[in-house]
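The next block holds one structure in the form of structure tokens; read it before the comments.
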Amino acid sequence: MKIAVIGAGPAGLYFSLLAKKQDPGHEIRVYEQNPRGATYGWGVVFSDVGLAFLREADPEFFDTFVAHHERCDYMQIIHQGTSVQVHGNHFSRTARLDMLDVLEQACLRAGVHIEHDCRIDNIEQLAAEADMVVAADGSNSAVRKQFADQFCPSFERRRNKFAWYGTHQRFHPVSLIFRETEHGIFIAHSYQYSATLSTFLVEVDPDTWHRAGLDVASEEQSRHYCAEVFRADLGANELLTNRSLWFEANIVRNENWSYRNIVLLGDALRTVHFSLGSGTRMAMQDAIALNEGLRQYPGDVQAAFGVFESRRRQASSNFQHAAARSLDWYENVADKMHLDPVSFAYDYMRRTGQVSHEDLRQRDPGFTAAYEVRHPA
């Protein structure tokens, strides 16, 4: 088959790798509009559950993929200046740029063709020339926009403001930091992803954002302000910028996942809010399912799309539902700030409704015992 993949992110590259290794006869060409090595953001994080899917799909590549990951088996929630650790939460982190480089090199070794600095404007022509077109071109997908009447996308913009930063302060565990200021509550999502760097995502509600003057602040002014809010956590280290502009979460869904021989994949198909740390995992699981459809029905694009959708639609819906509950928790965190640190951390851990008290007991009996002391049955 002749397969065209638009977008060299984790979804597009991983699908290309799996499909090419499954059938070396496939002619697979990836088109990426950005230059090679250009990426925005800092690190990405995988849970042990997410990594299990990758290990099962391609054990050989998995070993290469995780070779330089930073790992930790607990997280911490910092509230009222107190750190509460919750164990039994296994995370693996890596630089986004390194992850894409590992994927791209594996694709090239397998015989996938990758073109950077290549923007596809005529999707109709590409679809006419290829047997399958995989639109893995991100949350602002140009393919989805061009065929909006066919894919029927919907969008939900959430209220909180976010800015992505990096820092040389190493947050070994995944760390959630809540700081109250004169203007309101600031939240940091942080984790170490390399020997020297951590991701540091700052979240704030729109009223606090306005009161702090961040609505009129420059990128540099915002960086400096946020660094001072979290000075106790950053120590002598500063925040680092990389197009660190304020934005809101835009949740994407699509009623239809494919049209003719074109299929949406990854963030082009659906976005999962980063408070669950599952966007990259979902994208790569999409790639696994689409490849499985191609394996079951070689040469039958529509049947392959059917397998992909049957395997992923419910999981997609479940994750987006959990993400919505997580977003609700963050957007209403002011109602939780009176809780003591252990009770606050417990409330956070159960925010999606998918983690029970017994689940927490099995992960970290010490943590649940501390909660039960404060809240006897």
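Count residues from 1 along the sequence.
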Q: Show your reasoning for whether salt bridge (Lys or Arg N to Asp or Glu O under 4.0 Å) applies to R270 and D286.
A: CA-CA 10 Å; R270 144 267 300 122; D286 284 349; 2.9 Å; yes

For [X] against [Y], the heavy-atom pair lying closest together:
| X | Y | answer |
| --- | --- | --- |
| A289 | V307 | O-CG1, 4.5 Å |
| K336 | F344 | O-CD1, 3.4 Å |
| Q76 | S83 | OE1-OG, 2.6 Å |
| F162 | L201 | CB-CD1, 4.0 Å |
| R93 | C72 | NH2-CB, 3.8 Å |

Q. Does the pair R179 and D233 meet the rule for a salt bridge (Lys or Arg N to Asp or Glu O under 4.0 Å), with working shown?
A. CA-CA 10 Å; R179 293 289 178 192; D233 311 287; 2.8 Å; yes

Q. Going through the checks in order, is the side chain to side chain contact (heavy atoms under 4.5 Å, CB included) test met by R36 and D101?
A. CA-CA 9 Å; R36 189 180 186 283; D101 185 61; 2.8 Å; yes

So, taking the atom named [atom1] in [X] and the one named [atom2] in [Y], what distance separates them when rounded to the nearest 0.5 Å?
| X | Y | atom1 | atom2 | result |
| --- | --- | --- | --- | --- |
| Y14 | M284 | OH | CE | 5.5 Å |
| N318 | T352 | CG | OG1 | 11.0 Å |
| L264 | S141 | CG | OG | 6.0 Å |
| H79 | D347 | NE2 | CG | 10.0 Å |
| L327 | N160 | CG | CG | 8.0 Å |
| Q192 | T167 | CD | OG1 | 11.0 Å |

Q) Is F61 reachable from L108 through a run of hydrophobic residues whose side-chain heavy atoms are each under 4.5 Å from the next? A)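 Yes, same cluster.
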
Q: Look at the side-chain heavy atoms of Ile, Leu, Val, Met, Phe, Trp and Tyr, link any pair under 4.5 Å apart, and say whether L176 and V342 land in one connected group.
A: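 Yes, because L176 and V342 connect within a single hydrophobic cluster, where side-chain heavy atoms sit under 4.5 Å apart.
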
Got a donor-acceptor contact below 3.5 angstrom from the [X] side chain to the [Y] backbone?
| X | Y | result |
| --- | --- | --- |
| R374 | A370 | yes |
| N254 | A268 | yes |
| R281 | Q285 | no |
| N256 | S258 | no |
| H87 | D364 | no |
| T199 | G43 | yes |
| Q80 | L339 | yes |
| R253 | S154 | no |
| S244 | W164 | yes |
| N261 | V301 | no |

Q: Please assess H375 against S343 for the test side-chain hydrogen bond (donor to acceptor under 3.5 Å, both in side chains), listing each intermediate value before the final yes or no.
A: CA-CA 9 Å; H375 302 274; S343 300; 2.7 Å; yes

Q) Stepwise, does the side chain to side chain contact (heavy atoms under 4.5 Å, CB included) test hold for I123 with Q125? A) CA-CA 5 Å; I123 308 299; Q125 181 179 341; over 6 Å; no

Measuring only between side-chain heavy atoms, which start at C-beta, is [X] closer than 4.5 Å to [Y]?
| X | Y | answer |
| --- | --- | --- |
| Y74 | F91 | no |
| L100 | E104 | no |
| H189 | E203 | yes |
| M337 | F178 | yes |
| T280 | M99 | yes |
| L360 | R350 | yes |
| M75 | H90 | no |
| L126 | I6 | yes |

Q: Would you please name every residue forming a side-chain contact (heavy atoms from CB on, under 4.5 Å) with R313, sequence neighbours left out?
A: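 R313: side-chain contact (heavy atoms from CB on, under 4.5 Å) contacts with W257, E309.
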
Q: Take Y348 and V333 through the side chain to side chain contact (heavy atoms under 4.5 Å, CB included) test and state the conclusion after the steps.
A: CA-CA 9 Å; Y348 167 79; V333 74; over 6 Å; no

May I ask you to say whether [X] pairs ionically with [Y], meaning some side-chain N is under 4.0 Å from a carboxylate O?
| X | Y | answer |
| --- | --- | --- |
| R260 | E124 | yes |
| D121 | R119 | yes |
| R170 | E70 | no |
| R361 | E372 | yes |
| R243 | E219 | no |
| D131 | K2 | no |
| D328 | R158 | yes |
| R223 | E238 | yes |

Q. Apart from I177 itself, what residues make up its hydrophobic cluster, given side-chain heavy atom links below 4.5 Å?
A.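 So far as hydrophobic clustering goes, I177 is joined with I78, Y165, F171, F186, F200, V202, V204, W209, L214, Y225, V229, F230, L234, L239, W246.
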
Q) Do H116 and Y31 have their ring centres less than 6.0 Å from each other? A)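 No, the ring centres sit 6.0 Å or more apart.
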
Q: Check step by step if side chain to side chain contact (heavy atoms under 4.5 Å, CB included) holds for R29 and I3.
A: CA-CA 6 Å; R29 191 171 296 273; I3 302 173; over 6 Å; no

Q | Residue pairs fulfilling salt bridge (Lys or Arg N to Asp or Glu O under 4.0 Å) with at least one residue in residues 159-168, sequence neighbours excluded | A |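 Non-adjacent pairs meeting salt bridge (Lys or Arg N to Asp or Glu O under 4.0 Å): K161-E248.
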
Q) Which class fits the ring pair F65 and F46: parallel under 30°, tilted 30 to 60°, perpendicular over 60°? A)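 The rings of F65 and F46 stand perpendicular, inter-plane angle above 60°.
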
Q. Should the pair F147 and Y259 be assigned to parallel (<30°), tilted (30 to 60°) or perpendicular (>60°) ring geometry?
A.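 If you compare the ring of F147 with that of Y259, the planes turn out tilted.
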
Q | salt bridge (Lys or Arg N to Asp or Glu O under 4.0 Å) evaluation trace for K21 with E60 | A | CA-CA 11 Å; K21 291 178 74 172; E60 179 186 10; 3.6 Å; yes

Q) Around H224, counting heavy atoms of other residues, nucleotides and ligands shown, do more than 12 lie under 6.0 Å from its NE2? A)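 No, the 6.0 Å shell around NE2 holds no more than 12 heavy atoms from other groups.
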
Q.
Looking only at side-chain N and O atoms, does Q33 offer a donor or acceptor that is under 3.5 Å from a partner on D117?
A.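 Q33 and D117 do not have a side-chain donor-acceptor pair below 3.5 Å.
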
(Q) What I want to check is whether the side chains of H168 and N237 have a donor and an acceptor closer together than 3.5 Å. (A)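 Per modelled atom types, H168 and N237 side chains form no pair under 3.5 Å.
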
